[in-house]
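Accompanying notes for the structure given below.
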Amino acid sequence: MMFGTYNPSNIESKWRREWQLSDLYRALESQGKPKYSCLDFFPYPSGEGLHVGHCRNYIPTDVLSRYMRMRGYNVLHPMGWDAFGEPTEHYAVTHGVHPRETTDRSTENFRRQMELIGTSYDWSREIDSSQPEFYRWTQWFFLKLYKKGLAYRSTNWQWWCPTCQTTLSSHEVSAGVCWRGHQGVVKREIPAWYFRITAYGDALLDGLDDLDWSDRIKNIQRNWIGKSEGCEIIFRTEAGEALPVFTTRPDTVFGVTFFLLAPEHPLVQKITTDDQRTQVAAYSAQTAHLSEIDRMTETREKTGVFTGSFVINPINKSHIPVWIADYVLPSYGSGAVMGVPAHDERDYELARNYDLPVKVVILPPGTSPGASLDEAYLGPGEMINSGEFDGLPSDEGSERITDYMETHKLGCRKVQYRMRDWLISRQRYWGTPIPIVYCQNCGEVPVPEEQLPVLLPNMDDFRPDGSGRSPLGRAAEFVNTTCPRCDGQAHRETDTMGGFACSSWYFLRFTSPHYDQGPFEEEAMRYWMPVDLYVGGIEHAVLHLLYARFWTYFLADEGLVPFKEPFTKLLNQGQLMGTDGLRMSKSRGNVITPDSMVEKYGADALRVYELFMAPFDQDVNWNDDGINGARRFLNRTWNLYSKTYLESTAASKKDKELERELHKLIRNVSQRIEDFRFNTMISALMEFVNLLGERYQTGNWRTETYHRVLETLIILIAPAAPYIAEELWHQTEHDGSVHIQDWPQWDAKLAEDETVQIPIQVNGRLRALVEVVKDADQKEVETAAFESPKIQQHIGEGKVKEVIFVPGKIMNILIDQP
RNA sequence: GCCGAAGUGGCGGAACAGGCAGACGCGCACGACUCAAACUCGUGUUCCUUCGGGAGUGUGGGUUCGAUUCCCACCUUCGGCACCA
């Protein structure tokens with residue numbers, strides 16, 4: 001053997017070339033093997049390249065994929081590029097380079113970096129969502145949605161990010177900051193395309209129950225969908241116009257003392273009386289100037305203005321004053337609310353500010369009727385001042401009043417969602433063109449399927465110009481077209497789809513990435529899908545992960561896929577922060593690249609360190625010294641193989657012991673990979689390597705068992721450290737790749753210890769350890785325990801009261817102190 | 001405010017169907033190698049201690065022979081939602 005010292009850079013570049021030339025990681029359908037699809041969220045190919053934080057996603061899935069392959073599965077482990085959309089375009093704009101060019105450059109660099117760290121992706125299945133062969137099918141799905149009425153155009157108040165210069169969906173905006181991190185998002189009233197995700201609100205909510213996802217992310221989605229069950233009650237103006245309101249508390253309808261409209265409500269103009277018009281107009285103008293963020297601050301003073309009009313409460317025909325108030329949101333429910341100050345905190349505040357009457361209709365337990373409230377009472381209680389419903393418990397009253405509304409056609413049960421429809425229009429260049437034309441005669445016309453793809457025109461000047469309109473509007477040859485229906489003059493929709501349209505179905509494309517008769521080849525899709533394991537960051541909890549579920553539910557309803565949930569199991573890796581505890585970013589200067597770490601320590605050391613540094617799902621800071629520990633471990637491992645020994649005949653006791661340790665190791669490594677507990681998987685390997693170094697390398701000890709153990713160890717290390725494993729495999733005179741070897745099996749019997757150390761406690765305090773055979777009974781352990789001088793000393797003159805014994809675990813001797 | 005997750009050495013963390021707390025690694029100290037440093041290797045490393053032992057897993061209670069693990073109350077941190085009627 002020609003072992004030198006461990007030199008990762010030579011080893012790694014050699015095997016990287018070998019693997020590229022071989023078909024080692026090609027995913028193949030059906031050879032009588034079970035399948036396993038293991039996907040990473042596909043990344044935005046940014047020009048900055050990958051940092052070690054990205055690797056925290058790719059390394060663990062690579063370990064699992066390698067493990068599953070060795071376990072005999074057909075593994076689908078592909079990679080692709082979420083190339084359309086804001087992240088890529090932003091980079092192109094700031095660097096003044098066309099996004100086509102930056103995309104191609106970036107994806108090449110990403111692929112290089114991923115190969116550098118030894119990932120086993122099947123590159124023959126690489127996809128790029130910005131290529132016509134891909135986005136053609138994104139458009140095809142759009143048309144499917146359109147035909148079902150699930151894609152529609154509407155003019156509403158939308159979120160608009162002045163930095164991105166585009167509309168955004170509500171999912172992409174939080175506290176006035178867009179998902180790209182820009183402040184100052186505002187509302188604009190412009191036409192835009194929507195996907196009707198709200199039609200699937202209930203289904204998406206119910207589907208969560210059976211998913212193998214973390215409770216954390218399921219709760220985020222539940223919260224986001226925000227289902228409320230209640231009653232829609234129709235109030236009427238004195239002129240007879242219907243004003244429905246949604247309430248979760250129909251039991252309080254007798255307590256309505258005012259009625260509220262959002263200042264934007266379309267009826268405000270109409271019902272405002274002349275003498276109130278000035279005040280109402282002033283208040284509306286003031287509301288319009290408030291930013292949406294200010295408006296949604298709970299602590300704001302509750303204000304409002306009387307419109308001069310009244311509505312009639314259908315339950316008791318009382319006439320109720322109509323006010324406008326900015327705490328009523330135009331976008332939720334009907335933009336109107338019944339004001340019940342006695343039983344709603346916000347209404348109570350408004351009533352207090354304007355001396356409006358407060359009518360108690362739910363009696364708090366333990367109080368007497370007529371006592372005044374000094375805050376709104378929100379809990380349950382006995383109904384009072386509620387006509388025929390008096391005396392009922394409020395929860396039952398809710399049902400009875402709802403029944404009453406339904407039988408008298410005054411209202412009905414209703415479910416309301418907080419989630420809004422998904423706004424898909426982007427007034428940006430780098431996206432999938434929306435396949436719609438506007439004809440002078442026919443109006444809005446979908447592009448026929450056979451005319452797809454609607455190609456994105458190549459434009460030198462792709463930047464938004466501040467007009468608020470899509471740059472595509474400046475490409476005359478793109479815009480001007482003929483109507484597919486009447487051949488008349490028409491123009492194309494110039495908005496593109498946000499990138500989340502592409503990512504809503506890309507996982508299906510991996511099953512047949514070059515198929516051109518449809519978005520995917522049916523048989524391949526049925527073979528590989530749904531995704532068995534999906535891994536990525538938590539930041540997509542209500543973006544990609546909700547959209548993709550919606551999209552797949554729709555495809556299931558269309559009969560295009562035989563399942564509703566696209567991702568059977570989902571795991572979210574923890575974030576890897578810089579050494580300063582902050583997110584890695586170029587502007588902070590705390591970015592650590594895999595390139596620099598691979599150069600200094602080797603890819604295997606980087607992989608081992610990232611697996612070992614913390615539990616998979618936990619945030620952790622990078623530690624410059626930590627990776628060196630991983631490198632030392634690999635050195636120690638290497639040295640096990642590079643040392644030479646004198647031959648020796650069998651040392652039977654040591655052989656048996658070693659065999660046992662090996663079977664424990666196989667069990668530990670296997671189980672911990674499957675459970676995504678990579679940190680303890682690595683520590684098990686470290687312990688084993690330490691053990692070999694300490695106990696089996698001193699002296700001239702080299703038996704058949706030892707050889708076999710070393711050989712198995714190479715296989716066990718292979719998923720985590722593929723390069724060193726491959727090199728050792730060949731250095732130890734094996735043919736073929738270690739990565740296609742069968743994973744070793746463990747034998748539970750062989751892994752069992754023959755003797756155990758039983759801790760002996762006296763009055764609950766550890767005093768001694770005794771070594772006994774594994775299944776020793778109480779008597780045997782007692783004998784051993786009472787022989788121990790330590791135990792004798794601690795019992796002393798005391799009298800043994802009781803002995804507690806848990807076989808194989810512990811003995812606790814209880815004594816009375818003299 | 002509501003919902004969720006989590007608090008263990010100097011640091012990352014391990015152990016939890018209740019049973020030896022601190023595995024493994026980093027750092028640090030000392031030693032070996034070296035002219036020297038780095039690397040590497042070895043030994044030690046929770047705290048206190050009169051060297052017998054005592055204390056100890058965010059805080060205070062509880063259940064138990066026994067609690068990091070279970071129960072109650074609280075504190076802190078981090079996430080999500082947040083005027084949703």
Side-chain angles (χ1 to χ4, degrees), chain A residues 5 174-175 214-228 230 245-249 252 260 262 295-302 325-329 331-340 343-347 349-350 378 416-420 538-539 541-542 575 608-609 612-615 617-633 635-636 639 677 679-690 693-694 756-769 793-794 801-815:
Chain A
T5 49
S174 173
S214 71
D215 286 336
R216 179 175 176 204
I217 206 154
K218 287 205 238 182
N219 278 322
I220 293 175
Q221 289 210 353
R222 284 198 188 99
N223 220 330
W224 181 262
I225 294 167
K227 181 179 181 176
S228 292
V245 292
F246 174 74
T247 179
T248 54
R249 294 293 304 275
T252 64
L260 298 171
R295 184 158 169 195
M296 293 211 291
T297 307
E298 201 172 348
T299 48
R300 274 191 60 240
E301 187 82 352
K302 299 292 175 284
D326 62 11
Y327 72 86
V328 179
L329 303 175
S331 47
Y332 184 79
S334 57
V337 173
M338 62 185 210
V340 187
H343 307 293
D344 181 281
E345 282 175 324
R346 298 151 299 179
D347 297 343
E349 264 187 69
L350 188 80
L378 309 178
Q416 190 70 46
Y417 299 94
R418 229 175 286 191
M419 180 173 66
R420 310 289 149 79
I538 192 98
E539 69 273 13
V542 292
Q575 258 203 52
V608 167
Y609 176 53
F612 179 67
M613 65 199 319
D617 56 0
Q618 196 171 301
D619 291 353
V620 66
N621 298 345
W622 181 264
N623 178 342
D624 282 322
D625 294 316
I627 188 171
N628 201 39
R631 172 61 189 271
R632 279 202 279 261
F633 159 64
N635 271 334
R636 283 199 301 276
N639 291 337
R677 288 155 57 208
N679 55 334
T680 52
M681 165 215 159
I682 296 294
S683 63
L685 287 167
M686 286 173 167
E687 282 176 89
F688 190 76
V689 167
N690 291 345
E694 286 159 19
V756 285
Q757 291 214 317
I758 304 281
I760 309 296
Q761 299 180 331
V762 177
N763 282 352
R765 286 178 183 281
L766 178 70
R767 296 305 181 187
L769 295 170
Q793 181 196 330
H794 276 97
K801 210 165 46 170
E802 196 186 345
V803 175
I804 288 153
F805 177 62
V806 184
K809 290 273 188 192
I810 202 161
M811 173 169 281
N812 191 1
I813 302 168
L814 303 179
I815 62 166

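Every value quoted in this text rests on a predicted model; they were computed, and no experiment measured them. The sequence lines fix the lettering, A, B, ..., with proteins before strands; numbering per chain opens at 1.
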- request: Compare every heavy atom of A:Met811 with every heavy atom of A:Ile758, then report the nearest pair and how far apart it is.
  value: CG2-N, 3.9 Å
statement: Residues passing the side-chain hydrogen bond (donor to acceptor under 3.5 Å, both in side chains) test with A:Gln416, sequence neighbours excluded, are none
task: Looking at every strand, decide which applies to A:Asp215 at a 4.0 Å heavy-atom threshold: base, sugar-phosphate, or nothing.
output: nothing
- line: With syn meaning chi within 90° of zero and anything else anti, the base of B:G52 is syn
task: Enter syn or anti for the glycosidic conformation of B:G9, syn applying to angles within 90° of 0.
output: syn
message: Under the rule for side-chain contact (heavy atoms from CB on, under 4.5 Å), what residues qualify as partners of A:Lys801, not counting sequence neighbours?
response: A:Leu814, A:Asp816
message: When you measure only distances, ignoring hydrogens and angles, does the side chain of A:Lys302 come within 3.5 Å of the base of B:C83 through a donor and an acceptor?
response: yes
- prompt: Quick one: salt bridge (Lys or Arg N to Asp or Glu O under 4.0 Å) partners of A:Arg222, sequence neighbours excluded?
  reply: A:Asp209
field: Closest approach of A:Thr247 to A:Met338 (non-hydrogen atoms, all atoms of both residues)
entry: OG1-CE, 3.7 Å
- prompt: Which part of the nucleic acid, if any, lies within reach of A:Leu769 when heavy atoms closer than 4.0 Å are counted: base, sugar-phosphate only, or nothing?
  reply: base
statement: Across all chains, not counting sequence neighbours, the salt bridge (Lys or Arg N to Asp or Glu O under 4.0 Å) partners of A:Arg249 are A:Asp251
field: Partners passing side-chain contact (heavy atoms from CB on, under 4.5 Å) against A:Val608 (at least two apart in sequence or in another chain)
entry: A:Ala630, A:Phe633, A:Leu634, A:Ile682, A:Ala721
message: What's A:Leu814 touching, base or sugar-phosphate or nothing? Going by heavy atoms closer than 4.0 Å.
response: sugar-phosphate
field: Partner set under side-chain contact (heavy atoms from CB on, under 4.5 Å) for A:Gln575, not counting sequence neighbours
entry: A:Met577, A:Arg583, A:Asp619
- request: Assign A:Arg216 to base, sugar-phosphate, or nothing according to its heavy-atom contacts below 4.0 angstrom with the strands shown.
  value: sugar-phosphate
- request: For A:Asp624, check side-chain contact (heavy atoms from CB on, under 4.5 Å) against everything at least two apart and list the hits.
  value: A:Thr579, A:Ile592, A:Trp622
- request: Using the test salt bridge (Lys or Arg N to Asp or Glu O under 4.0 Å), find all partners of A:Arg631 that sit at least two apart in sequence or belong to another chain.
  value: none
- prompt: So what does A:Val337 touch, heavy atoms closer than 4.0 Å: a base, only the sugar-phosphate, or nothing?
  reply: base
message: Going by salt bridge (Lys or Arg N to Asp or Glu O under 4.0 Å), name the residues that satisfy it together with A:Arg346, two or more places apart in sequence or in a different chain.
response: A:Asp344
- prompt: If a stem is a run of at least 3 consecutive Watson-Crick or G-U pairs, both distances under 3.5 Å, which stems include RNA chain B?
  reply: B:1-7 with B:75-81, B:10-12 with B:24-26, B:27-32 with B:40-45, B:46-48 with B:53-55, B:58-62 with B:70-74
- request: Please confirm whether any donor atom in the side chain of A:Asn812 sits under 3.5 Å from an acceptor in the base of B:C65, or the reverse.
  value: yes
statement: Its contact letters, B for base, S for sugar-phosphate only and - for none at protein heavy atoms under 4.0 Å, make nucleotides 21-32 of chain B read --BBSSS-----
Is there any protein nitrogen or oxygen under 3.5 Å from a nitrogen or oxygen in nucleotides 67-70 of chain B, and what are the pairs?
none

